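Reading through the structure tokens given below for one structure.
The figures that follow rest on heavy atoms only: side chains count, while hydrogens, waters and symmetry mates do not. Just so we're on the same page: letters track the sequence lines, and every chain starts at 1. Owing to the predicted nature of the structure, the values given are computational and were not obtained by experimental measurement.
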There are 2 protein chains.
Amino acid sequence: MTVMETTPAPTPAPARDQGGPEICPPPPAHPRPDGQDHYTISEVVAVTGLTAHTLRWYERIGLMPHIDRSHTGQRRYRNRDLDWLTLVGKLRLTGMPVADMVRYAELVREGEQTFAQRRELLERTRHDVRARIAELQGTLAVLDHKIDIYS
Amino acid sequence: MTVMETTPAPTPAPARDQGGPEICPPPPAHPRPDGQDHYTISEVVAVTGLTAHTLRWYERIGLMPHIDRSHTGQRRYRNRDLDWLTLVGKLRLTGMPVADMVRYAELVREGEQTFAQRRELLERTRHDVRARIAELQGTLAVLDHKIDIYS
DNA sequence: TAGAACCCTTGAGCGCACTCCAAGCAAGGG
DNA sequence: CCCTTGCTTGGAGTGCGCTCAAGGGTTCTA
């Protein structure tokens, strides 16, 4: 596993597959490098398509749960962290501000008594996403019309 | 017409109405202040929801066609300029970078011989928008699932 | 004739989401 | 032992899309 620090995800971004209908049922989890439940930062880079910089930055701003460290201080991500990153990726591409995701992360850290607030936040997000889809469909109609004109 | 320079579109932003299905057929064109085919910048602010700053900035970066001026140098927008701004607004909310819109504006200025290139650009954009909608629908599924769990 | 409201220009500043830098530590191979 | 690779840190820098400030002109109403 040799991933340079500065590699900006050459192709491995698994966030978008090239043409599939994106309704993959449960994508066979992460292509996890080994059977062990801990991964180095560069392994996480490989599976998420994020940069190591971004992963550390997420941690600094409080977007990540506590990440285990090796005896030498290196990060050791676990499966639940990868799952969390998958969710974050989804939320991110809804356009949700990072600050809101941090808020959600805080609620998760605060434990079960925040269930209601979390649901509320997710429902607001869902509403926004639906509105956004409607907006985009409106735009699509305009594009179709314009493209017609140019034909 | 009294619109302060610094007013950040108090409510008149016509981009999102509060709850409607957003599939308004043809919104009765612009609510054009008078029957004349020229508008001051603040009138354009009122109909587009953009700020005057943003309108001037659009002009500076080459996103606007040539805008007429009054004998004292003030901008006098015309109906075709408002139509252009409507299109720009649509493209903007697809997430198209401003630089690409500027490119499109350049093609328009270059005249009829760029029809093919314009269509190509719009088709690429349409493709992106479709992909984006699919992405968002995938995210929606995740949100639905999560919200289920919190119930 | 004053004052308010509106407009102009150039150039700097801001918020977001990263992105990179410099300096240094730790482990493994030759 | 040294070299390379990969990781660590705090803080500075970047690109985008605006957003505002400063300083001044014009136009309307009282």
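Taking atom CD1 on A:Ile67 and atom P on D:dT9, their separation rounds to 12 Å, with Å as the unit. Here D:dC7 presents its P atom at 13 Å from NE2 of A:His38, a figure rounded to the nearest Å. Separating the CD atom of A:Glu59 from the C1' atom of D:dG10 is a distance of 14 Å, rounded to the nearest angstrom. Distance NE2 (A:His53) to P (D:dG15): 15 Å, rounded to an integer number of Å. If you measure from atom CD1 of B:Ile61 to atom P of C:dT10, you get 15 Å, rounded to the nearest angstrom. Whole-Å rounding puts the B:Asp100 CG to D:dG17 C1' distance at 14 Å. Per the geometry, CG belonging to A:Leu55 stands 14 Å off C1' belonging to D:dT8, to the nearest Å. Taking atom CG of B:Leu91 as the reference point, atom C1' of D:dG17 lies 16 Å away to the nearest angstrom.
Mapping B:Arg75 and A:Trp57 onto DNA chain C by nearest heavy atom places B:Arg75 closer to the 5' end of the strand. Toward the 5′ end of DNA chain D lies the nearest nucleotide of A:Arg76, the other residue of the pair A:Arg60 and A:Arg76 mapping further downstream.
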(Q) I'd like to know whether B:Arg126 forms a salt bridge (charged side-chain N to carboxylate O under 4.0 Å, His left out) with A:Asp144, so could you lay out the CA-CA distance, the side-chain angles of the two residues, the decisive distance to 0.1 Å, and finally the verdict. (A) CA-CA 8 Å; B:Arg126 179 169 64 178; A:Asp144 286 342; 2.7 Å; yes
Q: Given salt bridge (charged side-chain N to carboxylate O under 4.0 Å, His left out), test B:Asp68 with B:Arg78 step by step and report yes or no.
A: CA-CA 8 Å; B:Asp68 294 344; B:Arg78 301 174 51 164; 3.4 Å; yes
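Taking 3.5 Å as the limit, the base of D:dG10 and the side chain of A:Arg56 contain no donor-acceptor pair of atoms between them.
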Please list, for nucleotides 27-29 of chain D, all pairs of protein and nucleotide N/O atoms separated by less than 3.5 Å.
unit_1: D:dT27; atom_1: OP1; unit_2: B:His71; atom_2: NE2; d: 3.2
unit_1: D:dT27; atom_1: OP1; unit_2: B:Thr72; atom_2: OG1; d: 3.4

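Contact annotation: the side chain of B:Asp81 never approaches that of B:Val44 to less than 4.5 Å [non-hydrogen atoms, C-beta and beyond]. Within the 4.5 Å cutoff, no side-chain heavy atoms of B:Leu107 are placed close to those of B:Arg109.
The phosphate of C:dC7 has OP1 or OP2 within less than 4.0 Å of a side-chain N or O from B:Ser42. OP1 or OP2 of C:dA17 has not a single side-chain nitrogen or oxygen of A:Tyr58 nearer than 4.0 Å.
The two residues B:Leu93 and A:Leu136 make their nearest non-hydrogen contact at O-CD2, 3.6 Å.
Within the 4.0 angstrom heavy-atom criterion, only backbone atoms of the sugar-phosphate kind lie near B:Arg69; the bases stay farther away.
Here the side chain of B:Ile41 is nearest to one of C:dC7, D:dG10, D:dC7, namely C:dC7. You'll find that the side chain of B:Thr40 is closest to C:dC7, out of D:dC18, C:dC7, D:dT19.
A salt bridge is defined here as a Lys NZ or Arg NE, NH1 or NH2 lying under 4.0 Å from an Asp or Glu carboxylate O, and B:Glu59 with B:Arg69 meets this definition.
You'll find the ring centres of B:Tyr39 and B:Tyr77 outside the 6.0 Å limit.
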